[in-house]
Number of protein chains: 4
Amino acid sequence: MQCRTSAPRTGRPRSAAADAAILAATREALVELGWSKLTLGDVATRAGVAKTTLYRRWAGKNELVVDAVAELFDELELPDLGSLAADIEGVVLQFAAILARPEARSGLMAAVAESTRDDALRERIRASIVDRQKRLVLAGRSRAQARGELPPEEDAQEAARTVDLIFDMVAGAVVHRTLVSAEPVDAAWAQSFTRILLLGLAGASAGPHGA
Amino acid sequence: MQCRTSAPRTGRPRSAAADAAILAATREALVELGWSKLTLGDVATRAGVAKTTLYRRWAGKNELVVDAVAELFDELELPDLGSLAADIEGVVLQFAAILARPEARSGLMAAVAESTRDDALRERIRASIVDRQKRLVLAGRSRAQARGELPPEEDAQEAARTVDLIFDMVAGAVVHRTLVSAEPVDAAWAQSFTRILLLGLAGASAGPHGA
Amino acid sequence: MQCRTSAPRTGRPRSAAADAAILAATREALVELGWSKLTLGDVATRAGVAKTTLYRRWAGKNELVVDAVAELFDELELPDLGSLAADIEGVVLQFAAILARPEARSGLMAAVAESTRDDALRERIRASIVDRQKRLVLAGRSRAQARGELPPEEDAQEAARTVDLIFDMVAGAVVHRTLVSAEPVDAAWAQSFTRILLLGLAGASAGPHGA
Amino acid sequence: MQCRTSAPRTGRPRSAAADAAILAATREALVELGWSKLTLGDVATRAGVAKTTLYRRWAGKNELVVDAVAELFDELELPDLGSLAADIEGVVLQFAAILARPEARSGLMAAVAESTRDDALRERIRASIVDRQKRLVLAGRSRAQARGELPPEEDAQEAARTVDLIFDMVAGAVVHRTLVSAEPVDAAWAQSFTRILLLGLAGASAGPHGA
DNA sequence: CTATAATCGAGACGGTACGTCTTGTCTTAGG
DNA sequence: CCTAAGACAAGACGTACCGTCTCGATTATAG
């Protein structure tokens with residue numbers, strides 16, 4: 001998770017248990033206090049660890065929170081629900097379920113806010129959170145192509161652009177619904193959203209530019 | 001903007017100039033420092049105002065930043081571009097233009113993050129930022145209905161749900177594209193996005209639930 | 001009490017009641033809070049007066065407190081107790097009784113402390129507090145001379161020096177006993193002290209410089 | 001000086017140099033600003049120390065100033081000047097010399113004023129300043145008894161009362177002369193004062209109660 | 001009988017200091 | 001070399017007072 005580029009062979013090795021304890025304590029603190037009131041000293045205390053230990057492994061609050069939240073996304077999967085529409089609804093609901101957890105709500109948006117001024121942080125978010133989700137979109141497309149629901153892409157660059165667009169639409173809508181509108185993402189919403197998205201994609205690929 | 005519910009008739013009246021100076025200084029500090037490094041003491045100094053004056057008018061950093069950012073949305077308009085698609089593209093580009101400004105990027109997302117733990121703050125954001133945008137969506141629909149591009153709504157409740165859904169899709173996609181994917185929202189992207197959205201909406205209203 | 005050098009003949013005259021209310025409120029605050037926690041805003045509130053009214057009449061906390069405490073010394077008298085010793089014991093006990101009051105204990109010493117850096121303040125203390133006491137010493141001496149207990153002074157300058165010395169001894173001992181040693185000045189202590197003082201003075205005047 | 005009751009064996013030990021720097025800075029600030037304008041933040045800056053370091057060791061301004069002033073009394077000694085009178089004059093002049101220093105003038109009286117509302121502070125003053133002086137009085141008496149100038153005490157309780165009385169008279173007179181009357185304690189004054197005191201004591205012990 | 005002028009209350013103003021909290025580093029002793 | 005503990009310099013926090021100011025409303029004398 002954190003940078004561990006070089007392997008120091010001598011001296012006392014770092015405690016592996018400390019990592020897990022710190023990340024768990026971070027999530028606990030996020031739930032209780034939210035991002036802005038979370039302090040590294042408090043996290044260290046909760047984890048039963050010295051502040052030094054924490055700072056030796058993470059550069060600061062942002063990096064720590066991103067790693068702590070990223071672990072929540074480990075559980076994301078793409079179960080085969082039989083159709084493209086069902087697959088997408090499933091992903092939407094899974095993503096919404098994660099965003100419904102307070103440790104993600106508070107931490108994730110704050111990290112994104114911070115990343116507007118910190119490219120390394122944005123890269124860390126992309127690597128440990130965004131790309132993990134985007135892989136699901138790619139897997140869903142492959143599966144739909146295998147089912148014959150989608151044609152194989154012809155122009156790779158155009159296909160990549162489309163994936164990015166879809167991803168921004170899916171993730172953006174779920175995040176906005178959850179955090180800004182503060183309304184729940186339930187099955188009905190997921191169905192409505194997916195219907196519009198798929199119909200729009202189908203129409204767009206049918207009559208590409210002249211409609 | 002800030003609470004000015006009761007009118008104390010006695011005593012020295014509050015300086016109107018101070019309000020403007022403080023909000024301008026807040027935006028300046030957001031550009032230079034970003035949300036997390038912005039301090040109220042610094043804002044007060046920049047505004048040539050005492051800290052007490054600032055605290056007398058705003059409860060804290062979050063409220064202040066929301067008000068400072070909200071003023072950026074005063075410029076939002078819905079110029080009549082001749083078609084529903086062009087109108088939507090116009091709104092998307094206007095919204096993206098605001099989000100491209102550093103004082104909005106940093107401040108807005110941080111405020112949303114904080115609002116996950118503060119209902120009053122979320123309400124403030126909704127009142128001074130979200131609703132202002134949502135009015136554009138409503139105006140766009142009325143105009144499209146006047147043009148004959150959209151049928152008049154039959155079920156008011158269903159129509160409200162659809163407006164909310166569209167709004168989450170538009171705003172969410174633009175925000176995600178801008179802040180998370182960190183890619184520019186240009187005319188091409190706005191056109192692609194709008195195409196998918198309108199085709200999806202058209203298809204969904206054509207064959208409502210049986211398709 | 002406070003400076004009222006020039007008499008502006010026109011305009012609304014200053015409220016006489018305000019002066020008394022402010023001084024009484026000051027003493028009340030001294031009792032409750034002590035000098036260091038007394039604030040002029042609080043005094044104004046207690047007195048039912050605006051801060052402006054207070055600042056128009058006194059330059060600051062020190063001047064106000066001195067005036068408020070000085071009023072306590074208005075009650076000092078020199079009843080004729082029949083002998084020099086009894087007169088001195090009476091003054092000692094009267095002075096100790098004033099110092100036993102909390103508004104005097106806290107305010108007086110603080111004012112003296114401040115006066116080490118403020119000559120105007122020291123002069124104010126001398127004029128409104130110290131001289132009022134010193135007059136008692138002078139009156140006591142006159143009365144003792146009338147009784148024949150003391151010879152009439154021959155060298156006026158020497159006599160003035162002696163009065164100053166006696167005054168420092170009397171006032172100093174009472175203050176030190178009360179505030180530093182924190183022991184009560186009761187009749188027994190007053191008697192012991194007076195005995196030593198008078199015997200010392202008698203011996204000193206008997207064999208002035210050659211003993 | 002400050003509380004160092006429990007000994008935390010772990011962690012970084014407190015810097016011994018900081019203590020000395022803080023106390024020296026406090027005295028410097030007392031000289032320049034006086035008690036009421038002395039701020040702990042300024043003292044910390046002068047000492048090259050963080051405010052937290054200061055607050056970790058002292059509870060507040062009063063305690064700090066008492067400790068800073070107390071160090072001035074370390075230099076008090078009782079040189080053997082050959083006679084009781086000379087010894088007392090020496091002590092009086094030494095005490096007056098300390099009180100003539102601006103850091104003592106302002107700080108000491110203010111601390112006494114504050115101690116009227118704070119028993120712990122009075123105890124601190126007694127322990128670190130008053131008792132140190134009182135020991136000189138006791139030493140002076142022992143020496144005078146060894147010389148045969150004073151008889152050995154018979155009633156221990158009575159002797160203690162007398163020491164307290166003498167102490168209040170000596171210290172009180174010097175303080176009053178210095179701070180209230182604002183006149184210098186020079187050799188002539190010390191001699192006059194000592195003469196009266198010793199003659200009074202001699203007379204009082206000669207004819208104890210019947211005079 | 002109206003000016004004129006200084007007062008009054010209230011409370012906002014620019015400042016300064018408070019005492020606490022957090023940050024990220026450093027210094028111990030111990031594994 | 002890592003660890004827990006905790007002191008350290010730095011600096012922001014939000015509050016409290018300071019002494020000044022700006023109000024509208026009184027309350028006097030002077031014309």
Whole-Å distance between [N] [atom2] and [X] [atom1]?
X     : N      : atom1 : atom2 : answer
C:R14 : F:dT29 : CZ    : C1'   : 17 Å
D:W58 : E:dC18 : CH2   : C1'   : 19 Å
A:L54 : E:dT25 : CG    : P     : 12 Å
C:L64 : F:dC18 : CG    : P     : 11 Å
C:Y55 : F:dC17 : OH    : P     : 12 Å
D:I22 : F:dC8  : CD1   : C1'   : 11 Å

Excluding sequence neighbours, so at least two apart, what forms side chain to side chain donor-acceptor pair (under 3.5 Å) with [X]?
X      : answer
D:R122 : D:D119
B:E103 : B:R101
D:E28  : D:R46

(message) Can you list, in residue-number order, the parts of residues 26-47 of chain C that come under 4.0 Å of DNA chain F, counting heavy atoms only?
(response)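 Residues of residues 26-47 of chain C under 4.0 Å from DNA chain F: C:T39, C:L40, C:G41.
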(request) Please list, by residue number, the residues of residues 102-118 of chain C whose heavy atoms come closer than 4.0 Å to an atom of DNA chain F; answer none if no residue qualifies. (result)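 The stretch gives none, as no residue of it lies under 4.0 Å from the strand.
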(request) Using heavy atoms to find the nearest nucleotide of DNA chain F for D:G48 and B:K61 separately, return the residue whose nucleotide is more 5′. (result) D:G48
(request) Could you say whether D:R56 or B:G60 is positioned toward the 5' end of DNA chain F, judged by the nucleotide with the nearest heavy atom to each? (result)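 Between the two, 5'-proximity favours D:R56.
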(message) Working note: C:V66 + C:W58, criterion side-chain contact (heavy atoms from CB on, under 4.5 Å); need CA distance, chi angles, decisive distance, verdict.
(response) CA-CA 11 Å; C:V66 168; C:W58 283 277; over 6 Å; no
Looking only at heavy atoms, what is the nearest atom pair of [X] and [Y], with distance?
X      : Y      : answer
B:A111 : B:I125 : O-CD1, 3.6 Å
A:S106 : A:G34  : OG-CA, 3.5 Å
C:W35  : D:S36  : CH2-CB, 4.3 Å
B:V43  : B:A29  : CG2-CB, 4.2 Å

(message) Does F:dC8 have its OP1 or OP2 closer than 4.0 Å to a side-chain nitrogen or oxygen of D:R57?
(response) yes
(request) List the protein contact pattern of nucleotides 26-31 of chain E with one symbol per nucleotide (5' to 3'): B for base contact, S for sugar-phosphate-only contact, - for none; contact means a heavy-atom distance under 4.0 Å. (result) BBB-BB
(message) Both B:A18 and C:V49 contact DNA chain E. Taking the nearest nucleotide for each, which residue is further toward the 5' end?
(response) C:V49
Ignoring hydrogens and angles, tell me if any N or O in the side chain of [X] forms a donor-acceptor pair with the backbone of [Y] under 3.5 Å.
X      : Y     : value
B:K51  : B:A44 : no
A:T45  : A:G41 : yes
C:R117 : D:E32 : yes

(message) Between the base of E:dG11 and the side chain of C:K51, is one N or O donor paired with an acceptor at under 3.5 angstrom?
(response)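 Between E:dG11 and C:K51, which were checked side chain against base, a qualifying N/O pair under 3.5 Å is absent.
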(message) Salt bridge or not between C:R27 and C:E71? Use side-chain N to carboxylate O under 4.0 Å.
(response)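 Yes.
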(message) Measuring from the side chain of A:A50 (C-beta onward, heavy atoms only), which nucleotide among F:dA5, F:dT20, F:dA9 has the closest atom?
(response)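 The answer is F:dA5, which lies nearest to the side chain.
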